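Here the structure comes first, spelled out in structure tokens, and everything after it is commentary.
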Protein chains: 2
Amino acid sequence: MVRMISSAIPDFAVRLRAAGLRPTRQRVALARVLFEGGDRHVTAEGLHAEVKATSHRVSLATVYNTLNQFRDAGLLREVVVAPGRSYFDTNMSHHHHFFIETDGELHDFPSDKVTVAGLPTPPKGTKLSRVDVIVRVRR
Amino acid sequence: MVRMISSAIPDFAVRLRAAGLRPTRQRVALARVLFEGGDRHVTAEGLHAEVKATSHRVSLATVYNTLNQFRDAGLLREVVVAPGRSYFDTNMSHHHHFFIETDGELHDFPSDKVTVAGLPTPPKGTKLSRVDVIVRVRR
DNA sequence: CAAGCAGATTAGAATTATTCTAAAAGGTGA
DNA sequence: TCACCTTTTAGAATAATTCTAATCTGCTTG
Ligand SMILES: [Mn+2]
Ligand SMILES: [Mn+2]
Ligand SMILES: [Zn+2]
Ligand SMILES: [Zn+2]
């Protein structure tokens with residue numbers, strides 16, 4: 001019987017290598033938490049707590065290192081909505097955010113329907129990096 | 001000769017009182033730096049350096065306290081664009097921002113021409129606070 | 001399947017931004 | 001002027017993040 005290769009079981013080692021990162025135990029453990037299951041918005045502290053719960057020992061420094069590397073490699077984006085707290089977002093599709101200020105929650109909304117029209121041209125000598133739309137709401 | 005009252009010389013004491021804040025020396029000194037001249041985006045550290053240059057002694061703790069109070073009183077707004085750095089914005093009119101990521105500069109652009117259309121309704125039980133549009137560019 | 005080595009992880013110290021504490025000073029209404 | 005409540009302040013504390021330098025580990029080579 002031929003070995004089945006199921007594309008439903010994502011191979012994080014392969015994915016990390018494709019991104020130019022060595023698939024170490026820690027990075028694979030973090031990738032699993034981050035990327036299996038749906039899109040997520042995590043903080044470093046939160047991710048650290050989660051990965052510890054899977055009984056993989058990963059230091060907090062490594063969580064920070066990894067999140068920064070994943071971001072630089074284009075596997076994550078960083079969203080800054082509140083002073084002193086960064087969220088890392090596994091949803092790399094074009095989308096925007098609701099931020100519930102009263103409880104610090106961040107929610108996606110698709111950019112399909114949203115149009116941002118009439119933006120001025122970027123200042124001389126600069127190139128566009130990203131347009132963030134953050135809808136702030138409170139309970 | 002009757003004393004002239006020029007509306008071109010803003011009376012910060014009056015303005016602070018109107019906002020429910022006692023016009024202390026420190027608050028007046030900071031208000032002067034912040035509000036005379038055009039619109040500004042300042043950090044706490046930057047404002048502290050500026051006010052010291054006017055030979056008014058104001059502690060950094062007071063700069064932080066004052067910026068937070070001015071924001072809560074509606075004299076300023078806070079803009080968070082990068083992790084670990086808050087900008088306080090004296091421009092209270094409806095507008096959006098360019099953020100030059102490579103050198104940390106924040107620039108206004110008027111919201112006249114900009115239309116954000118098709119925003120979804122806020123989640124149940126929340127009310128809209130503000131919509132931020134941040135155009136990130138790099139040199 | 002060794003080594004060998006560059007790259008990764010880690011504990012803990014360091015840094016940065018910001019807030020807190022508690023004592024001294026100041027603004028204001030009577 | 002006085003009393004009283006508010007504000008300021010130095011310095012300690014906190015929180016998020018980064019750095020250091022020693023140890024470890026994934027990968028290539030022989
Ligand atoms: Mn970072
Ligand atoms: Mn604040
Ligand atoms: Zn998102
Ligand atoms: Zn502005």
Side-chain angles (χ1 to χ4, degrees), chain A residues 11-33 41-52 54-73 75-76 78-88 104 106, chain B residues 11-33 41-52 54-73 75-76 78-88 104 106:
Chain A
D11 188 333
F12 291 110
V14 168
R15 194 156 159 197
L16 290 175
R17 253 194 225 96
L21 297 166
R22 276 203 205 173
T24 65
R25 290 199 238 95
Q26 293 84 340
R27 296 211 269 231
V28 171
L30 290 168
R32 225 186 280 286
V33 174
H41 301 109
V42 303
T43 62
E45 283 287 352
L47 179 60
H48 187 225
E50 279 190 69
V51 78
K52 274 194 299 191
T54 69
S55 78
H56 289 92
R57 286 180 254 3
V58 182
S59 75
L60 183 56
T62 295
V63 172
Y64 275 104
N65 290 340
T66 303
L67 286 171
N68 288 331
Q69 291 152 357
F70 283 12
R71 178 203 53 215
D72 295 346
L75 301 175
L76 288 176
E78 190 171 3
V79 184
V80 184
V81 281
R85 174 149 289 187
S86 264
Y87 290 80
F88 289 87
L106 196 60
Chain B
D11 187 333
F12 291 109
V14 168
R15 197 158 157 196
L16 291 174
R17 253 192 226 96
L21 296 166
R22 280 201 198 175
T24 64
R25 290 200 236 93
Q26 293 84 339
R27 295 210 270 231
V28 171
L30 291 167
R32 224 185 281 286
V33 175
H41 300 109
V42 303
T43 61
E45 283 287 352
L47 179 59
H48 187 226
E50 279 191 69
V51 77
K52 274 194 297 194
T54 69
S55 78
H56 288 92
R57 286 180 255 4
V58 182
S59 74
L60 182 58
T62 295
V63 172
Y64 275 104
N65 290 339
T66 302
L67 286 171
N68 288 331
Q69 290 152 358
F70 282 11
R71 178 204 52 216
D72 294 346
L75 301 174
L76 289 174
E78 191 170 2
V79 184
V80 184
V81 280
R85 174 150 287 186
S86 262
Y87 290 81
F88 288 88
L106 196 60

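Protein chains get the first letters and strands the later ones, always in sequence-line order, with residue 1 at the start of each. These values consider heavy atoms only, across backbone and side chains, with no hydrogens, waters or symmetry-generated copies. Computed from a prediction, not measured in an experiment: that's the story for all the values here.
- A close approach under 4.0 Å does not occur between any side-chain nitrogen or oxygen of A:Asn68 and OP1 or OP2 of D:dT17.
- For B:Phe12, the side chain to side chain contact (heavy atoms under 4.5 Å, CB included) partners are B:Pro10, B:Arg15, B:Val28, B:Ala31, B:Arg32, B:Phe35, B:Glu36, not counting sequence neighbours.
- B:Arg71 has its CZ atom 11 Å from the P atom of C:dT18, to the nearest Å.
- Across the protein-nucleic acid pair, B:His48 atom NE2 and C:dA17 atom P stand 14 Å apart, rounded to whole Å.
- Judged by distance alone, with hydrogens and angles left aside, the side-chain atoms of A:Thr54 form a donor-acceptor pair with the main-chain N or O of A:Val51 at under 3.5 Å.
- In this structure A:His48 satisfies the ring-ring contact (aromatic ring centres under 6.0 Å, His included) test with no other residue, sequence neighbours excluded.
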**Request:** Classify every nucleotide of nucleotides 7-16 of chain D by which part a protein heavy atom approaches to under 4.0 Å, writing B for the base, S for the sugar-phosphate alone and - for neither, in 5'-to-3' order.
**Result:** SSBS-----S
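- For B:His41 (side chain) and B:Leu106 (main-chain N/O), a donor-acceptor pair under 3.5 Å exists by modelled atom type.
- At least one donor-acceptor pair under 3.5 Å links the side chain of B:Arg27 to the backbone N or O of B:Arg22.
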